[in-house]
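Note on naming: letters A, B, ... go to the chains in the order of the sequence lines (proteins, then strands), and numbering restarts at 1 for each one.
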There are 2 protein chains.
Amino acid sequence: MLKLTKKIDYALMAINFMSFKGESVANTRNIAEIYNIPLELLAKVLQRLAKKGFIVSQNGPKGGYTLAKDPNVITLGELIRAIEGPIQIVHCTEGDTSCLQTARCTIRSPLRKIEHKIVDFLDNVTIDQICSEEVPEELAV
Amino acid sequence: MLKLTKKIDYALMAINFMSFKGESVANTRNIAEIYNIPLELLAKVLQRLAKKGFIVSQNGPKGGYTLAKDPNVITLGELIRAIEGPIQIVHCTEGDTSCLQTARCTIRSPLRKIEHKIVDFLDNVTIDQICSEEVPEELAV
DNA sequence: TAATCGGCGATCATTAAGGTCGGATATATA
DNA sequence: TATATATCCGACCTTAATGATCGCCGATTA
């Protein structure tokens with residue numbers, strides 16, 4: 001209920017890590033080991049982030065990822081959409097006919113307004129607000 | 001991802017219905033039929049609402065439920081908590097040791113702040129803001 | 001050219017949500 | 001007082017989303 005996914009968590013940790021690596025590349029294995037994240041799953045998340053232009057990939061040995069954007073211009077809303085698709089508090093989409101309650105449902109549009117406000121809020125939270133804070137010494141190397 | 005559950009939807013519809021019934025009781029079967037909601041599931045939701053004091057149950061034939069509180073003093077946050085338990089955007093709770101990322105995780109507490117803001121928002125949305133609006137003629141009988 | 005990286009699709013496992021079933025208790029009314 | 005109609009309650013099954021895994025490919029650099 002209203003939970004963020006693990007993928008989002010992993011993405012945030014990875015970006016957090018990269019922001020401390022600065023210019024130098026960070027590879028998937030490294031991040032996975034440090035944070036104890038399943039390698040393959042993290043790999044997918046990072047590939048997604050790369051595809052969406054949040055990070056840049058460097059192929060081959062000594063390869064990995066570097067941040068393409070400053071964490072203070074990436075919003076949590078953007079990140080969520082990049083990884084999970086559009087944010088929907090309500091189940092049914094606009095032209096949805098599959099919902100059995102559609103006929104008599106009067107709560108949908110008011111809930112949409114609430115949804116919109118939450119999305120709006122998430123679009124105004126930047127990633128550096130979530131990352132920066134404190135970082136374990138070992139990571140700052 | 002960040003979705004409300006069907007139970008919440010059903011609860012809102014039921015409360016909406018009851019608020020138009022006013023003093024007269026509304027029974028589960030009736031509501032289920034009108035909105036096309038699985039009877040047993042709706043029954044559970046209503047029992048929960050009764051237990052939490054949002055509605056009052058009347059047993060036996062001609063029984064059913066009536067609102068115990070005005071929709072304008074019930075908040076969406078309260079309703080969600082009554083049915084689904086505490087709202088958690090983040091996975092792990094305070095003393096949680098099961099999360100594998102705990103050791104190096106620095107994003108948890110910032111996310112908690114975000115969670116708190118969302119909960120705060122939901123605690124300021126009253127049910128009548130979601131219900132009232134328009135109601136199909138047939139229901140206003 | 002071998003070892004190390006990312007890229008990608010398919011697939012399995014786990015869990016939470018959605019829904020069902022059976023039987024209990026209460027109570028109006030015939 | 002019998003019966004039909006309600007709420008009550010717990011156990012259970014089903015489905016769908018998330019989380020995780022596997023295998024193979026292409027790119028790149030030492």
Could you check how far [atom1] of [X] sits from [atom2] of [N], rounded to whole Å?
{"X": "B/L100", "N": "D/dA20", "atom1": "CG", "atom2": "C1'", "result": "12 Å"}
{"X": "B/L41", "N": "D/dT14", "atom1": "CG", "atom2": "C1'", "result": "13 Å"}
{"X": "B/R48", "N": "C/dA17", "atom1": "CZ", "atom2": "C1'", "result": "13 Å"}
{"X": "B/L4", "N": "C/dG18", "atom1": "CG", "atom2": "C1'", "result": "15 Å"}
{"X": "A/I87", "N": "D/dA17", "atom1": "CD1", "atom2": "P", "result": "17 Å"}
{"X": "A/I8", "N": "D/dA20", "atom1": "CD1", "atom2": "P", "result": "14 Å"}
{"X": "A/K7", "N": "C/dT14", "atom1": "NZ", "atom2": "P", "result": "17 Å"}
{"X": "B/L39", "N": "D/dA6", "atom1": "CG", "atom2": "P", "result": "10 Å"}

What bend angle does the helix from C/dT1-D/dA30 to C/dA30-D/dT1 show across its length, from five-pair end axes and to the nearest 10 degrees?
->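 That helix has its two terminal axes inclined by roughly 0°.
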Judged by atom type as modelled, is there a donor-acceptor pair below 3.5 Å linking the side chain of [X] to the main-chain atoms of [Y]?
{"X": "A/H91", "Y": "B/L4", "value": "yes"}
{"X": "A/Q88", "Y": "B/K3", "value": "no"}
{"X": "A/E33", "Y": "A/N30", "value": "no"}

side-chain hydrogen bond (donor to acceptor under 3.5 Å, both in side chains) against A/H116, all qualifying residues, sequence neighbours excluded |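 Listed in chain order: nothing, the list is empty.
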Listed by chain and number, what are the side chain to side chain contact (heavy atoms under 4.5 Å, CB included) partners of B/D70, not counting sequence neighbours?
->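 In terms of side chain to side chain contact (heavy atoms under 4.5 Å, CB included), with neighbours along the sequence ignored, B/D70 is linked to B/N72, B/V73.
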Between D/dT18, C/dG19, C/dA17, which one does the side chain of B/T5 approach most closely?
->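 Of D/dT18, C/dG19, C/dA17, C/dA17 is nearest to the side chain of B/T5.
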Ignoring backbone atoms, test whether A/Y10 places a side-chain nitrogen or oxygen under 4.0 Å from the OP1 or OP2 oxygen of D/dA20.
->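 Yes, because at least one side-chain N or O of A/Y10 sits under 4.0 Å from OP1 or OP2 of D/dA20.
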Can you tell me which residue pairs pass the salt bridge (Lys or Arg N to Asp or Glu O under 4.0 Å) test with a partner in residues 71-87 of chain B, sequence neighbours excluded?
->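 Only B/R81-B/D123 qualify under salt bridge (Lys or Arg N to Asp or Glu O under 4.0 Å).
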Polar side chain donor-acceptor pair, B/T75 to B/N124, under 3.5 angstrom |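 Looking only at side-chain atoms, B/N124 and B/T75 do not form any donor-acceptor pair under 3.5 Å.
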Pair up each side-chain donor or acceptor in residues 40-64 of chain A with any protein partner under 3.5 Å, not counting sequence neighbours, and list the distances.
none

In a check of side chain to side chain contact (heavy atoms under 4.5 Å, CB included) between A/C92 and each of A/S98, A/C105, A/C99, which one passes?
->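 With A/C92 as partner, A/S98, A/C105, A/C99 yield a single side chain to side chain contact (heavy atoms under 4.5 Å, CB included), made by A/C99.
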Summarise how protein sits on nucleotides 4-9 of chain C as a single string, 5' to 3': B when a protein heavy atom is under 4.0 Å from the base, S for sugar-phosphate-only contact, - for no contact.
-> BBSBBB
